[in-house]
Structures are given as C-alpha cells and as structure tokens.
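Heads up: the structure comes next, in structure tokens.
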Amino acid sequence: MSRVGISTACYYPQDTFLSFCEVLKAEVPIAEVFMNSLAELDKNNLQRYRDEMKARGVEIISFHPYTSAFESLMFFSEYKLRRCDGIELYKRFFDAAQFLGAKIFVFHGEKASPTFSRDLSDDETVFGTYSELIETAKNFGLTFTQENVNNHRSQNADYIKKLSKLVPGLKYTFDLKQAFRAHEDYGEIINAMGENLCHIHINDFGKKECCLPFDGEVDLFDVKDKLSRIGYCGDYILEVYRASFDTTESLINSLEKTKQLFCK
C-alpha cells in the first residue's frame, strides 16, 4: 500500500536536520531529505538522522541534492571534463543517501535554454551522461530518477518520451506543482513517465504558485485517477515551499487528507 511522507524541503531554509525533526513531529512513516550543503554529508551528522529514524520508526526513502541548481552546468556543459567532476561529487551524495537507507535519488537535469555558447546537449551526450549516473547510483543501491522541472528540458511530456527512448533504464519522479509552473498538462507527463514513474512529490496549485494539497484548485481526484490508470502504487512525498503553509499543524492536516485520497 502507498504511504505518504514529507520532505525536509518544506522547511527550507531552516537547517536540514532541524527540518527533519519537524517532519518527525507529523509521525510520518517515510520522509525525503533535501540536503543543502556538502558539510551535511559528514557521517557524524548523518548518524543523527539514523538515530532519529531508529527511535521513531521512520524510513528515509529519497534524497535530493541542493546542487540540482547546477546540474545543467556540471553534467551537460560543453566542457566535457566537468562531467567527471560532477560524477565524483555525486558519488558523495550517493554514499550519503545509501548511509541513510534511501532508495531513490532525484535529479533535475539540463535546463531548457542553451548555456554560454552552446546549443542543448545532443543525444549522444544525453545518453552518456544518464547512463553513467544511473550505473553509478546503482552501485550505491539507488534508483536514479529524473524529475519533471519547470524551465528544464524535462518539463514537458515530449522530452520525457524522447528521454525514455534514449535511456530505457531511466526512472522518474513526478512533481505536480512543477507541471503547473511549466504550464504543462500533468496527465500527459504522467502518461509519458508511465511504468517508469517510481516517486511522487505531491502538492497543489492555485492563487499561490504552490500550496498544500487541498488548499489549491487542482482536481486531486483526477490526479489520483490518472496515476491509477498507469498502475502507480508507490509512495507520495508532500513537498511544498515554506511560504506555502503557516504551521506544522496545517501541514499535518493536509497530510491526513492526502493519505485518505491516495492510500486507499
């Protein structure tokens, strides 16, 4: 049965471990950690998470690096040697994710506009980059996933379909708010990801660009229906921005409503 949890990203820019402690107040079975600095990868720091996980019976299922903002530059740059640096850096994130017991790694990928003097990456570069990242992540027991992200090539269904053909082993994270921010049909994105969809960031969209589930204008029953049609039975991570809610209690209330809809 599907489970619903919370991402520490909901409390950004608060310290990540303190955010994790806030997440635990909701008594969730699962969580996602959005790590915000290299210093936080220190094993002594990570052990604190493991101690809390054991004490509370919580599982960290997914890991999101703050360097997602630089992935276009690191992995799809015209300066090819930089990809080697990126892989070595991401091994550190993969190692941290493995230490925390996470199984899913979330990637933003290449931005939708060319950088510096180059065009967007050609198919050979895309295939080589993803193949190396997928295999490296696998060595750490991780499933490497591409998220649909506004202003990135992954923001629309057509590119996701192309990416799936180029890199058959690639899995996906679906983020509802990102589809709305990109003015894309979320149903088409869900269908494009299909059986390769293995992780979801759930939220809502309305007068505010991002809000808690059931606080916006999205037909979440339709979202559930479209996910059911592709046979999705995985977990859901509630991920919103800190300005999207007032108190942890309001977040918990939304969490319960989300559980009632998506976990039956």
Side-chain angles (χ1 to χ4, degrees), residues 1-7 9-10 26 28-32 59 61-62 64 103-109 143-165 168-241 244-245 250-264:
M1 181 179 291
S2 297
R3 300 168 295 176
V4 178
I6 300 173
S7 172
C10 293
V28 291
I30 57 173
E32 176 173 287
E59 178 186 354
I61 64 166
S62 49
H64 202 316
K103 299 300 181 185
I104 293 169
F105 189 90
V106 182
F107 187 71
H108 282 192
T143 297
F144 187 86
T145 71
Q146 170 67 61
E147 183 178 12
N148 62 297
V149 184
N150 181 42
N151 292 326
H152 288 63
R153 296 184 77 179
S154 63
Q155 67 186 343
N156 66 71
D158 286 342
Y159 185 72
I160 290 170
K161 290 176 183 176
K162 176 180 178 179
L163 199 52
S164 295
K165 291 180 180 178
L170 183 60
K171 303 298 182 182
Y172 294 93
T173 289
F174 171 69
D175 190 309
L176 184 60
K177 70 177 179 298
Q178 293 287 357
F180 278 91
R181 290 181 67 206
H183 305 288
E184 296 289 337
D185 185 316
Y186 63 80
E188 291 184 3
I189 292 176
I190 289 171
N191 287 336
M193 292 177 174
E195 63 182 13
N196 289 319
L197 174 58
C198 67
H199 188 52
I200 289 179
H201 289 158
I202 193 68
N203 33 61
D204 207 334
F205 196 91
K207 293 180 181 178
K208 287 186 177 182
E209 188 176 69
C210 172
C211 51
L212 291 170
F214 301 97
D215 281 358
E217 301 171 1
V218 179
D219 184 350
L220 294 175
F221 292 90
D222 183 61
V223 174
K224 169 64 175 176
D225 179 64
K226 286 180 167 53
L227 289 169
S228 296
R229 287 175 183 271
I230 64 163
Y232 183 78
C233 56
D235 296 323
Y236 297 79
I237 289 292
L238 200 158
E239 188 197 69
V240 296
Y241 306 125
S244 303
F245 63 99
S250 62
L251 191 152
I252 293 173
N253 183 50
S254 177
L255 182 82
E256 289 303 315
K257 292 179 182 178
T258 302
K259 187 189 305 181
Q260 288 300 312
L261 174 59
F262 289 99
C263 297
K264 286 186 176 181

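K162 has no carboxylate O lying under 4.0 Å from a charged side-chain N of D158, or vice versa, which leaves the two without a salt bridge.
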### Query
What's the verdict on side-chain hydrogen bond (donor to acceptor under 3.5 Å, both in side chains) for S164 and Y172, showing C-alpha distance, side-chain angles and the deciding distance?
CA-CA 10 Å; S164 295; Y172 294 93; 2.8 Å; yes
### side-chain contact (heavy atoms from CB on, under 4.5 Å) between L227 and Y236, worked out
CA-CA 11 Å; L227 289 169; Y236 297 79; 3.6 Å; yes
#### Entry: Evaluation steps, side-chain contact (heavy atoms from CB on, under 4.5 Å), between Y232 and M193
CA-CA 10 Å; Y232 183 78; M193 292 177 174; over 6 Å; no
### Task
Tell me, with the steps shown, if D225 and D219 meet side-chain contact (heavy atoms from CB on, under 4.5 Å).
CA-CA 10 Å; D225 179 64; D219 184 350; over 6 Å; no
### Query
After noting the C-alpha distance and the side-chain angles of Q155 and R181, does the key distance pass the side-chain contact (heavy atoms from CB on, under 4.5 Å) rule?
CA-CA 9 Å; Q155 67 186 343; R181 290 181 67 206; over 6 Å; no
### side-chain hydrogen bond (donor to acceptor under 3.5 Å, both in side chains) between Y186 and D222, worked out
CA-CA 10 Å; Y186 63 80; D222 183 61; 2.4 Å; yes
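A donor-acceptor distance shorter than 3.5 angstrom exists from the side chain of N148 to the backbone of D175, with no hydrogens or angles considered. Listed for the D204 side chain is a donor-acceptor partner under 3.5 Å among the backbone atoms of V218.
Among all heavy-atom pairs drawn from A157 and A192, the shortest one is O-CB, 3.7 Å. Shown here for G109 and H152, the closest heavy-atom pair between the two residues is O-CD2, 3.4 Å. Residues I237 and S62 come closest through the heavy atom pair CG1-OG, 4.3 Å. Here the closest non-hydrogen pair linking A26 and I6 is CB-CD1, 3.7 Å. Here the closest heavy-atom approach between residue N150 and residue A182 is recorded as OD1-CA, 3.3 Å. When all heavy atoms are compared, the tightest approach of C198 to I104 is O-CD1, 3.7 Å.
Annotation: the span from L170 atom CG to N196 atom CG amounts to 7.5 Å, rounded to 0.5 Å. Atom-to-atom distance recorded for S254:OG and D215:CG is 6.0 Å, nearest 0.5 angstrom. Here the CZ-CD distance, from F205 to Q178, works out to 10.0 Å after rounding to the nearest 0.5 Å. Rounded to the nearest 0.5 angstrom, E184 CD and Y159 OH are separated by 14.0 Å. A distance of 7.0 Å separates CD1 in I230 from CG in N191, rounded to the nearest 0.5 Å. To the nearest 0.5 Å, atoms NZ (K103) and OG1 (T143) are separated by 8.5 Å.
Residues S250 and F245 meet the side-chain proximity criterion, which asks for heavy atoms closer than 4.5 Å. The side-chain heavy atoms of I61 and R3, taken from C-beta on, include a pair separated by under 4.5 Å. The shortest distance between side-chain heavy atoms of F214 and L261 falls below 4.5 Å. L212 places none of its side-chain heavy atoms less than 4.5 Å from the side chain of N253.
With S154 as the fixed residue, the side chain to side chain contact (heavy atoms under 4.5 Å, CB included) test singles out one of I189, V149, T173: V149. Tested against H64, the residues H201, H108, E32 include a single side chain to side chain donor-acceptor pair (under 3.5 Å) partner, H108.
Atom CD of E256 is surrounded by more than 12 heavy atoms from other residues, nucleotides or ligands within 6.0 Å.
Using cut-offs of 30° and 60° for the angle between ring planes, the F144 and F105 rings count as parallel.
Residues T145 and H199 have side chains that never bring a donor and an acceptor to within less than 3.5 angstrom of each other.
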